[in-house]
Amino acid sequence: NSIDPRPVSGVYPSSSILNRTNPVEAIDRFDFRQQINRFVGDLHLTLTPFEGFGAEYVLGVDNYTQIGTAYIPPGTTAAGYLLGLARRGNRDVFQINNDITLRYAFSLSEDIQSTTVGGATLQYQKGENFTAQSTALTPIVQIATAGATQVLGEFRSEVIIHGIFAQETFGIANRLFITGAGRFDASSVFGEDNRWQFYPKASVSYLLSEEGFWKESGMADYISGLKLRASWGESGGLTAVGPFDRLTTYTSVSYNSKPGLVTSTRKGTPNIKPERQREIEVGTDLSFFEDRLGLEFTYYDKFTSDLLLNRTLGPTSAFLNQLQNVGEMTNKGFEVLIRTVPIQTPGFRWNSTITYSQNRNEVNGVEGGRLGFADGFGQVYAMNGQPLGIFFTTQYARNPDGSLLLTATGLPQREQVSRTTAGQPTGGLLLGIVGDPNPDWTASWTNELEIEKDWNLRMQWDAVWGFDVFNFTRRVGVHPNYGNLEEYGRELAGEFPAGYNLAKFAILGGFIEDGSYIKLRELSLSYSFLPDFLGIKAARVSVIGRNLLSIDDYTGWDPETNAAGQSTGVRGFDFNEVPIPRSYSFSLMLNL
């Protein structure tokens with residue numbers, strides 16, 4: 001707004017009062033790279049020694065190495081790295097899964113068929129991280145061992161998951177299907193006393209349209225298929241925590257040239273157990289007009305107990321927090337899927353699919369009423385009677401008509417517990433719920449056009465509606481020390497009184513925005529042909545574009561990104577996040 005970031009005689013000016021990094025210099029002179037080498041492969045073995053019996057073994061391997069490097073030359077505007085920085089980080093991951101499935105099907109009678117399935121799984125994951133960093137660099141050299149001050153880091157982990165299961169299904173007259181199953185699972189991330197967990201399930205489905213009275217009635221001319229279904233089951237989260245999160249860990253340190261250990265700030269909980277989910281589901285599947293139109297409807301009620309959350313501990317415990325099984329959560333909602341074939345001719349087919357879902361989430365059983373999440377900057381909570389991850393913080397003081405209640409100098413202010421006789425806030429800050437990252441509904445619309453069986457055009461639109469995003473990036477950008485967003489520029493231009501943005505900075509609820517969006521998720525065009533050379537049986541060439549368009553009112557880059565990654569607790573939190581990339585790809589598939 002008031003600083004030109006472009007270099008003058010080769011010198012880049014600082015971009016703010018706080019001597020923050022000049023973004024133009026970061027683009028011109030910094031060097032950050034990432035390289036990934038990955039191998040993914042699998043082996044399938046199938047055995048059918050006699051009629052009705054089959055055995056299958058699947059071995060899958062995923063092995064990758066990720067290398068990240070960073071270089072900031074000496075003498076830049078990078079605060080904290082004025083003498084330069086060189087860093088290298090390696091991550092090596094090896095994952096393998098072994099799955100054995102045995103299946104036996106036979107007829108108990110002419111109308112009763114039995115299918116028995118059993119199996120076991122063994123999964124193993126090993127990860128190793130190594131980092132090297134140095135500052136106060138030697139001139140010219142860019143490697144991580146070139147600086148006067150060096151820091152090394154290393155982390156190793158292993159996770160093993162075991163599982164066995166058995167399932168029995170009875171089919172009666174090809175109409176009624178009844179299934180019962182159970183499985184035992186264990187993950188090494190949990191303590192031995194709570195490691196093995198049993199999860200049962202049961203389901204039933206009824207093909208009403210296969211009954212004689214239905215086929216003979218006039219309804220069969222319109223509703224060609226009708227299935228009723230219901231299921232109940234339990235499951236657990238085997239990978240919800242890290243391999244050592246249940247333990248009190250130690251970090252090696254050096255003090256006065258002597259080795260030592262320092263405990264972590266999180267206290268271990270050896271007896272934690274997996275979160276447990278119980279779900280009831282009912283639904284129906286219908287098809288109309290000889291399967292030209294299909295409808296699926298599902299209602300579900302999911303209850304989750306033993307939530308794994310970090311609880312804040314008292315100072316006398318010598319720790320800051322502890323991972324505990326705290327509280328419970330419900331998810332209730334429904335899903336609708338509509339499949340249609342609007343046009344079908346010998347040379348053209350149009351398939352269209354629409355999905356729509358709603359979910360209502362509520363947390364209860366949290367001691368003290370609410371529990372904050374560490375990655376949410378003190379603004380994100382699990383609160384009894386509210387959806388998971390709500391934004392709970394300071395908010396604007398407002399007049400009865402909803403307009404901002406300003407100070408005598410025309411500045412916005414935070415709401416407090418009461419008002420003075422003059423109508424001004426007083427008595428201490430009043431915190432409140434200012435946003436919810438859980439959407440009201442989600443939807444997807446996919447269309448696929450097949451032309452002469454050679455050309456295929458596919459388009460997918462996604463929509464997520466009615467959720468909030470905490471634009472923490474905008475909050476920082478309006479502060480005078482940074483002053484790099486349009487809102488602060490308007491204050492400099494005199495549209496707001498001096499100090500307006502600094503006052504707004506303290507009201508975190510003012511940076512909650514509607515994140516609703518509609519995105520063109522994918523657009524692809526493929527062509528299949530039969531080459532007449534090299535013995536190629538078939539070929540397919542495709543051009544694919546992803547994340548091509550976003551329709552939203554969000555003032556940041558992308559309402560779909562999140563500072564806490566894939567966290568289920570902290571969502572809709574934008575703090576200098578890179579938007580989901582728009583990508584284009586070309587593929588060629590040959591069948592030899």
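Within the 4.5 Å cutoff, side-chain heavy atoms of Asn471 are placed close to those of Tyr554. Put simply, the side chain of Glu281 does not reach to within 4.5 Å of the side chain of Lys302, judged on heavy atoms. Residues Arg229 and Val204 are not in side-chain contact: their nearest non-hydrogen atoms beyond the backbone lie 4.5 Å or more apart. When side chains are defined from C-beta on, Thr65 counts as touching Ile67, because their heavy atoms get closer than 4.5 Å. At least one side-chain heavy atom of Met329 sits less than 4.5 Å from a side-chain heavy atom of Asn361. With contacts defined as side-chain heavy-atom distances shorter than 4.5 Å, the pair Val366/Glu328 does not qualify. Counting only heavy atoms from C-beta outward, the side chains of Ile580 and Thr561 approach each other to under 4.5 Å. Looking at Leu152 and Phe130, their side chains come closer than 4.5 Å, going by heavy atoms from C-beta outward.
Listed by first and then second residue, the ring pair (Phe, Tyr, Trp, His ring centres under 6.0 Å) pairs that reach into residues 368-392 are Phe377-Phe472, Phe377-Phe573, Phe377-Phe575, Tyr381-Phe392, Phe391-Phe470, sequence neighbours excluded.
Heavy-atom minimum distance, Ala564 versus Asp375: CB-CB, 4.1 Å. Residues Val570 and Gly376 come closest through the heavy atom pair CG2-N, 4.0 Å.
Taking 4.0 Å as the cut-off between side-chain N and carboxylate O, Arg276 and Glu234 count as a salt-bridged pair. At a threshold of 4.0 Å, the pair Arg38-Asp62 counts as salt-bridged, since one of the basic side-chain nitrogens sits closer than that to a carboxylate oxygen. At a threshold of 4.0 Å, the pair Glu362-Lys332 does not count as salt-bridged, since none of the basic side-chain nitrogens sits closer than that to a carboxylate oxygen. Between Arg103 and Glu56 there is no salt bridge, since none of the side-chain N atoms of the basic residue sits less than 4.0 Å from a carboxylate O of the acidic one. Using a 4.0 Å cut-off between charged side-chain N and carboxylate O, Arg156 and Glu154 make a salt bridge. Classification of Asp558 and Lys519 as a salt-bridged pair holds, one side-chain N sitting under 4.0 Å from a carboxylate O.
In this structure, CD in Gln133 is found 13.0 Å from OG1 in Thr145, a value given to the nearest 0.5 Å. Distance CG/Asn364 to OG/Ser305: 13.0 Å, rounded to 0.5 Å. Expressed to the nearest 0.5 Å, how far CZ of Phe39 lies from CG of Asn63 amounts to 8.5 Å. Distance check, rounded to the nearest 0.5 Å: CG of Leu323 to CG of Leu309 gives 8.0 Å. Note that the OG1 atom of Thr77 and the CG atom of Asn22 stand 5.0 Å from one another [nearest 0.5 Å].
For Glu367, the CD atom sits in a loose shell: 12 or fewer heavy atoms of surrounding residues, nucleotides or ligands are nearer than 6.0 Å. In the displayed structure, Phe198 atom CZ is contacted under 6.0 Å by more than 12 heavy atoms of other residues, nucleotides or ligands. Remark: Leu47 CG is packed, more than 12 non-hydrogen atoms of other residues, nucleotides or ligands lying under 6.0 Å away.
Side-chain N or O atoms of Ser134 include none that pairs as donor or acceptor with a backbone N or O of Thr149 at under 3.5 Å. In terms of modelled atom types and a separation under 3.5 Å, the side chain of Glu279 and the main chain of Gly233 share no donor-acceptor contact. Checked by atom type and distance alone, the side chain of Arg29 never pairs as donor or acceptor with a backbone atom of Ala26 at under 3.5 Å. Under a 3.5 Å cut-off, the side chain of Thr131 and the backbone N or O of Gly89 do not form any donor-acceptor pair. For Arg278 (side chain) and Asp301 (main-chain N/O), a donor-acceptor pair under 3.5 Å exists by modelled atom type. Panel note: side chain Arg414, backbone Gly428; no donor-acceptor pair is recorded below 3.5 Å.
Side-chain contact, Thr179 with Thr169: a donor N or O sits under 3.5 Å from an acceptor N or O. Side-chain contact annotation: Asp462 with Gln460, donor-acceptor N/O pair under 3.5 Å present. Defined by atom type and a distance below 3.5 Å, a donor-acceptor pair is missing between the side-chain atoms of Tyr124 and Asn97.
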Would you list the atom pairs, donor with acceptor, under 3.5 Å between side chains in residues 184-195 and any protein atom, with sequence neighbours excluded?
unit_1: Asp185; atom_1: OD1; unit_2: Arg183; atom_2: NE; d: 3.3
unit_1: Asp185; atom_1: OD1; unit_2: Arg183; atom_2: NH2; d: 3.1
unit_1: Asp185; atom_1: OD2; unit_2: Arg183; atom_2: NE; d: 2.9
unit_1: Ser187; atom_1: OG; unit_2: Val189; atom_2: N; d: 3.4
unit_1: Ser187; atom_1: OG; unit_2: Leu238; atom_2: O; d: 3.1
unit_1: Ser188; atom_1: OG; unit_2: Ile160; atom_2: N; d: 2.9
unit_1: Asn194; atom_1: ND2; unit_2: Asn271; atom_2: O; d: 2.7
unit_1: Arg195; atom_1: NE; unit_2: Ser187; atom_2: O; d: 3.4
unit_1: Arg195; atom_1: NE; unit_2: Phe190; atom_2: O; d: 2.9
unit_1: Arg195; atom_1: NH2; unit_2: Phe190; atom_2: O; d: 2.7

Decide side-chain hydrogen bond (donor to acceptor under 3.5 Å, both in side chains) for Tyr64 and Asp92; before the verdict, give the C-alpha distance in whole Å, the side-chain angles of both, and the deciding distance to 0.1 Å.
-> CA-CA 6 Å; Tyr64 68 88; Asp92 297 299; over 6 Å; no
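Taking the six-membered ring for Trp and thresholds of 30 and 60 degrees, Phe53 and Tyr104 have ring planes inclined between 30 and 60 degrees apart.
Residues satisfying the side-chain hydrogen bond (donor to acceptor under 3.5 Å, both in side chains) criterion with Glu415, sequence neighbours excluded, are Arg419.
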